[in-house]
J.: 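I'd like to ask you about the structure that follows.
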2 protein chains.
Amino acid sequence: MTEIETPSIRVLLCDDHVVVRAGLLALLDSAPGIEVVGEAGSGEEAVALAEKLRPDVVLMDLQLGAGIDGVEATRQIAPTGVHVLVLTTYDTDADITRAIGAGATGYLLKAERPEELFSAIHAAAQGRTTLSPPVASIVMARMRSPQPTLTERELEILGQLAQGLGNRDIARALFISEATVKTHLGRIYDKLGVDTRAGAVSVAKEQRLLG
Amino acid sequence: MTEIETPSIRVLLCDDHVVVRAGLLALLDSAPGIEVVGEAGSGEEAVALAEKLRPDVVLMDLQLGAGIDGVEATRQIAPTGVHVLVLTTYDTDADITRAIGAGATGYLLKAERPEELFSAIHAAAQGRTTLSPPVASIVMARMRSPQPTLTERELEILGQLAQGLGNRDIARALFISEATVKTHLGRIYDKLGVDTRAGAVSVAKEQRLLG
DNA sequence: CCCTGCGTCAACCGATCGGTTGACGCAGGT
DNA sequence: ACCTGCGTCAACCGATCGGTTGACGCAGGG
């Protein structure tokens, strides 16, 4: 028994919460066929370690406190051929879309059962996709009725809006005319299904479209 | 060695994320002198199990998805003499204040080192308070300059505001005059340090004053 | 008993917003 | 070459907002 028959899947953890990381480490170490080869507390660290350790799977949280977020880290890691499995709390449309767009292999919620996590890690190691049921539903729903996506510019406007700025101030901040701001706002209202600025900010914060 | 010299501290976990719970379980079981006697996935469950199991410490997350939140659960558990140690992601003013007000014995962030968690659990078991450094800072700051607290009524107004309602609609919804709404809004602006409704919603969402 | 905080209401004003219509240039894709 | 999406701008209107001042009743604490 000096030979390992099935080599363990080498996993890199990325989560800014030390306690959660430690917990996952303890949890995964108890699972057969999975070996945690590294931990990262930030997106930058994850990118560096992914390159250095070349794990089979990176278990990635999206919310990473300061620095680049999980989506950006995924965007940098995925092209190197390392599979990224997103494990996060949020099941909002915007997060899922961005993560998939960034090249995530799978998307699991922390509310998922541990066995699901284990099998998702196995799946991800082979490049197969696993989605938590609620996430899958959202993806399906979006396929059916492609939900409006805010453009870059509109997000900028929204950002200023959330600062409580008036149209004139927004116009000055972005070097455009007040009329343009109003045009954008109108489209934003349409896409978000609201008709006031306060409502727009509210929805934006809920959908996590803003920081 | 049939006798246990120092009986283990009996801990009840409460977190709506199964993976996190499993992780914490694995982590705490590896710690000497700590024994996890139960797990709850909701506030209601935590209240019931706390009464039934009478643990030494309840490790409580604040965000619990559906049902009552961690603060409410704490409010119900604390009076029974069971110590509640809050372990959460958020270090916002409002959360800390509410948790302490509800009777939490300590307040730790998930970003804390596991050793801190262990010692905080020991401390909590004896009724001693442990605060994460950032949390302690916030508490101190608040002592120095008692930050404006929104009244019940103002929070109601704020809630309507976040729905994107106009003053007239808010007035109707709360059975008061439009003038009163404006008066409240003026005070809300003052307290939140903004001067527009969009700004107020933004700050409110950031401070987690609203759902 | 007085004072403070809270919630309520009124009337006024200028500034701003929300909605509309119509238009132009530019890029990317077919 | 065409079309679509995006970003830009203009002018207009009524409705709404933000700010102000002043006022009342009621509860709780000193």
J.: Atom CG of B/Asp16 and atom CG of B/Asp69: how far apart are they, to the nearest 0.5 Å?
T.: 11.0 Å

J.: Rounded to whole Å, please give me the gap between CG in B/Asp195 and C1' in D/dT16.
T.: 16 Å

J.: NA contact type, B/Gly186, heavy-atom cut-off 4.0 Å: base, sugar-phosphate, or nothing?
T.: nothing

J.: Only pairs with both distances under 3.5 Å count, Watson-Crick or wobble alike; so what is the partner of C/dG22 in this structure?
T.: D/dC9

J.: Could you give the CG-to-C1' distance, from A/Leu155 to D/dC6, as a whole number of Å?
T.: 14 Å

J.: Measure across B/Glu154 and B/Arg187 and return the closest heavy-atom pair with its distance rounded to 0.1 Å.
T.: OE2-CB, 3.7 Å

J.: Please examine the side chains of A/Pro55 and A/His83, heavy atoms only from C-beta on, and report whether any two atoms are closer than 4.5 Å.
T.: no

J.: Report the distance from atom OH of A/Tyr189 to atom C1' of C/dC17, rounded to the nearest whole Å.
T.: 7 Å

J.: Identify which nucleotide among C/dC9, D/dC12, D/dG18 has an atom closest to any side-chain atom of B/Lys182, counting heavy atoms from C-beta outward.
T.: D/dG18

J.: With no hydrogens and no angle check, do the side chains of B/Glu112 and B/Ser132 hold a donor and an acceptor under 3.5 Å apart?
T.: yes

J.: Tell me what B/Arg168 touches on the nucleic acid: a base, only sugar-phosphate, or nothing, going by heavy atoms under 4.0 Å.
T.: sugar-phosphate

J.: Please tell me if B/Ser177 has a side-chain N or O lying less than 4.0 Å from either OP1 or OP2 of C/dC9.
T.: yes

J.: In Å and rounded to the nearest 0.5 Å, what is the CG to CZ distance from B/Asp61 to B/Arg21?
T.: 11.0 Å

J.: Where the side chain of A/Thr183 is defined as all heavy atoms beyond and including C-beta, which of D/dC9, C/dG7, C/dG18 is the nearest nucleotide?
T.: D/dC9

J.: Round to a whole Å and report the spacing from CD of B/Glu154 to C1' of C/dG5.
T.: 11 Å

J.: Any side-chain N or O of A/Asn167 less than 4.0 Å from the OP1 or OP2 oxygen of C/dC17?
T.: yes

J.: Would you mind reading off the distance between B/Asp190 atom CG and D/dG19 atom P, rounded to a whole angstrom?
T.: 9 Å

J.: With both distances kept under 3.5 Å, what pairs with C/dT4, Watson-Crick or G-U wobble?
T.: D/dA27

J.: Figure out the CD1/C1' separation between B/Ile176 and C/dC6, and round it to whole Å.
T.: 13 Å

J.: Consider the side chain of B/Arg197, meaning its heavy atoms from C-beta on, and name the nucleotide among D/dC9, D/dG7, D/dC17 that approaches it most closely.
T.: D/dC17

J.: Look at the side-chain N and O atoms of A/Thr180 and state whether any lies under 4.0 Å from the OP1 or OP2 oxygen of D/dC9.
T.: yes

J.: B/Glu156 CD to C/dC6 C1': how many Å, rounded?
T.: 13 Å

J.: With respect to the phosphate group of C/dC6, does any side-chain polar atom (N or O) of B/Arg187 fall under 4.0 Å of OP1 or OP2?
T.: no

J.: Show the nearest heavy-atom pair for residues A/Leu85 and A/Ala124, with the distance to one decimal.
T.: CB-CB, 4.3 Å

J.: Roughly, in whole Å, what's the span from CG in A/Asp169 to P in C/dA15?
T.: 15 Å

J.: Please classify the nucleic acid contact of A/Thr196 as base, sugar-phosphate, or nothing, using heavy-atom distances under 4.0 Å.
T.: sugar-phosphate

J.: What's the closest nucleotide to the A/Ala179 side chain, out of D/dA10, D/dG7, C/dG18?
T.: D/dA10

J.: For A/Leu185 and for B/His184, find the nucleotide of DNA chain C with the closest heavy atom, then tell me which residue's nucleotide is more 5'.
T.: B/His184

J.: Under 4.0 Å between any heavy atoms, over every strand shown, what does A/Thr151 touch: base, sugar-phosphate, or nothing? Just pick one.
T.: sugar-phosphate

